[in-house]
Amino acid sequence: MKIEFSSLEENTALFVLDGVSIAFANALRRAMISEVMSFAIEDVKIYDNTSALFDEILTHRLGLIPLVTDADSYVPRSQCSCDGAGCPRCTITFTMSVEGPGIVRSGDLISQDPVVRPAEDNIPIVKLEKNQKVVIEAQAYMDRGMEHAKWSPVTVCGYKNYPIITHDDRCDGCGLCVDVCPHEILEVKRSVVGVKDGALEACSLCRLCEQACLNSGIGDEPAIHIGMDDRRFLFNLESDGSLPTIRIIKDGLLFLKKQSDELHEALS
């Protein structure tokens with residue numbers, strides 16, 4: 001197995017996973033979505049809420065705010081020695097007291113740990129009019145997206161087979177396929193059609209180029225051919241800000257390794 005990064009940033013990553021089956025690629029996708037631990041608000045005590053939102057809606061919105069996760073300093077509540085009661089090793093407490101007029105935003109949440117904080121400070125929660133107030137205390141802990149989507153650290157996580165674009169000797173460089181390509185990755189080179197440098201990964205495998213070639217009257221088979229590499233996959237990953245993309249990838253792979261080791265031990 002080989003991983004090649006086309007781009008790697010704090011919250012986005014584009015990489016090629018080479019030398020694996022489609023089953024493994026999909027297992028990694030599912031692991032990154034639903035098995036990587038991150039913080040989210042779960043328990044909320046509302047001391048005062050005179051806003052236009054019901055308590056339940058307000059709590060739901062608080063739970064969906066992505067929180068920066070320090071997975072090395074805390075343990076999941078399910079693995080903590082407090083047996084789910086909530087303690088400083090597994091639980092972070094947030095407080096918030098805001099009075100209108102104005103918009104309550106995620107940055108108004110005050111964390112007992114400055115590291116574990118909202119990933120973005122400008123996420124709107126509720127609009128307050130004059131004399132309206134929201135006073136809450138909330139507890140957040142780590143869990144996985146399998147339990148609820150609010151614990152999933154990703155907003156986008158998908159893959160496609162790596163595209164393969166070839167042409168045969170019948171290609172005369174007419175350019176009809178170039179004109180219909182929605183991502184503009186094709187060009188005419190020396191009277192034949194080719195892929196622009198560095199543009200192959202943008203191919204969406206729509207095959208409009210093949211249809212345009214057929215419409216030119218070339219015959220029953222197009223001169224340009226779109227294929228897929230069944231052992232190579234292009235992943236697109238976006239973090240919600242709770243974890244860096246590189247940490248999500250590593251934790252997803254570690255989860256698969258752990259599951260594989262446990263299965264191997266059980267079979268032995």
Side-chain angles (χ1 to χ4, degrees), residues 1-36 145 152-241 243-253 255-256:
M1 184 179 71
K2 185 178 180 181
I3 296 180
E4 300 175 353
F5 285 92
S6 301
S7 65
L8 178 61
E9 300 179 9
E10 185 75 9
N11 291 331
T12 60
L14 190 66
F15 63 95
V16 175
L17 188 63
D18 196 2
V20 300
S21 66
I22 191 171
F24 183 89
N26 194 49
L28 177 58
R29 178 191 68 85
R30 292 172 63 93
M32 291 189 290
I33 292 174
S34 59
E35 300 295 347
V36 176
S152 178
V154 302
T155 56
V156 173
C157 185
Y159 67 88
K160 65 179 179 182
N161 289 81
Y162 203 85
I164 300 174
I165 301 178
T166 59
H167 65 272
D168 56 39
D169 296 337
R170 294 176 299 150
C171 179
D172 58 3
C174 69
L176 290 177
C177 57
V178 176
D179 296 335
V180 300
C181 180
H183 298 286
E184 301 179 353
I185 67 172
L186 301 176
E187 63 179 355
V188 178
K189 298 179 179 180
R190 300 187 182 93
S191 301
V192 294
V193 172
V195 181
K196 295 179 181 178
D197 293 339
L200 180 60
E201 292 181 356
C203 177
S204 62
L205 305 172
C206 65
R207 302 183 185 275
L208 288 176
C209 52
E210 289 185 343
Q211 188 61 47
C213 190
L214 288 173
N215 292 341
S216 69
I218 196 171
D220 295 333
E221 294 290 334
I224 188 170
H225 307 283
I226 308 299
M228 298 180 295
D229 191 333
D230 59 3
R231 300 285 295 177
R232 198 177 189 196
F233 304 90
L234 181 62
F235 274 79
N236 183 19
L237 177 66
E238 287 186 15
S239 168
D240 64 0
L243 288 168
T245 51
I246 189 66
R247 179 62 186 263
I248 295 172
I249 297 169
K250 287 181 178 179
D251 286 358
L253 290 171
F255 172 80
L256 294 181

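Judged by distance alone, with hydrogens and angles left aside, the side-chain atoms of S152 form a donor-acceptor pair with the main-chain N or O of I33 at under 3.5 Å. A side-chain donor-acceptor contact under 3.5 Å links K196 to the backbone of E184. Looking only at distances, no side-chain donor or acceptor of K189 sits under 3.5 Å from a matching main-chain atom of G173.
For the side chain to side chain donor-acceptor pair (under 3.5 Å) test, no residue two or more places apart in sequence or in another chain qualifies with R30. Under the side chain to side chain donor-acceptor pair (under 3.5 Å) criterion, Q211 pairs with N215, not counting sequence neighbours. A search for side-chain contact (heavy atoms from CB on, under 4.5 Å) contacts involving K250 returns I246, not counting sequence neighbours. Residues meeting the side chain to side chain donor-acceptor pair (under 3.5 Å) test with R29, sequence neighbours left out: N26. Every residue was checked against the side-chain contact (heavy atoms from CB on, under 4.5 Å) condition with D179, not counting sequence neighbours, and none meets it. Checked against side-chain contact (heavy atoms from CB on, under 4.5 Å), E238 has the following partners two or more places apart in sequence or in another chain: T12, T155, V156. Evaluation of the ring pair (Phe, Tyr, Trp, His ring centres under 6.0 Å) rule for Y159 yields F233, F235 as partners, not counting sequence neighbours. With sequence neighbours excluded, the residues forming a side chain to side chain donor-acceptor pair (under 3.5 Å) with E4 are K2, R232, listed by chain and number. A search for side-chain contact (heavy atoms from CB on, under 4.5 Å) contacts involving T245 returns L8, A13, L237, S239, not counting sequence neighbours. Listed by chain and residue number, F15 satisfy the ring pair (Phe, Tyr, Trp, His ring centres under 6.0 Å) test with F5 (two or more places apart in sequence, or in another chain).
Evaluated for a side-chain contact (heavy atoms from CB on, under 4.5 Å) with I164, the options L200, D229, L205 yield exactly one hit, D229.
Between I185 and C203, the closest heavy-atom pair is CD1-CB, 3.5 Å. Closest non-hydrogen pair, A223 versus I218, comes out as CB-CD1, 3.5 Å. When every heavy atom of C157 is checked against every heavy atom of M32, the shortest pair comes out as SG-CE, 3.6 Å. Looking at every heavy atom in both residues, D168 comes nearest to P222 through OD2-O, 3.7 Å. Closest approach of V193 to C177, counting heavy atoms only: CG2-SG, 3.5 Å. Of all heavy-atom pairs spanning I248 and P153, the tightest one is CD1-O, 3.8 Å.
Residues V154 and D240 form no side-chain contact, since every pair of their non-hydrogen atoms from C-beta on lies 4.5 Å or further apart. In this structure, L28 and V20 have side chains that are not in contact, with every pair of non-hydrogen atoms separated by 4.5 Å or more. Side-chain contact between Y162 and R231: absent, with no pair of heavy atoms (C-beta onward) separated by less than 4.5 Å. Considering only heavy atoms from C-beta on, I3 comes within 4.5 Å of L253 through its side chain.
I224 CD1 to L186 CG: the interatomic distance, rounded to the nearest 0.5 Å, is 5.0 Å. Atoms CD1 and SG, from I165 and C181 in turn, are 7.0 Å apart once rounded to the nearest 0.5 Å. A distance of 8.0 Å separates CG of N236 from OG of S7, quoted to the nearest 0.5 Å. Rounding to the nearest 0.5 Å gives a distance of 9.5 Å between CG of D230 and OG of S21. Here L14 contributes atom CG and L234 contributes atom CG; the two are 4.5 Å apart, rounded to the nearest 0.5 Å.
Residue pairs meeting the salt bridge (Lys or Arg N to Asp or Glu O under 4.0 Å) criterion with at least one partner in residues 208-223, sequence neighbours excluded, are R207-E210. Screening residues 167-225 for ring-ring contact (aromatic ring centres under 6.0 Å, His included), with sequence neighbours left out, gives no hits.
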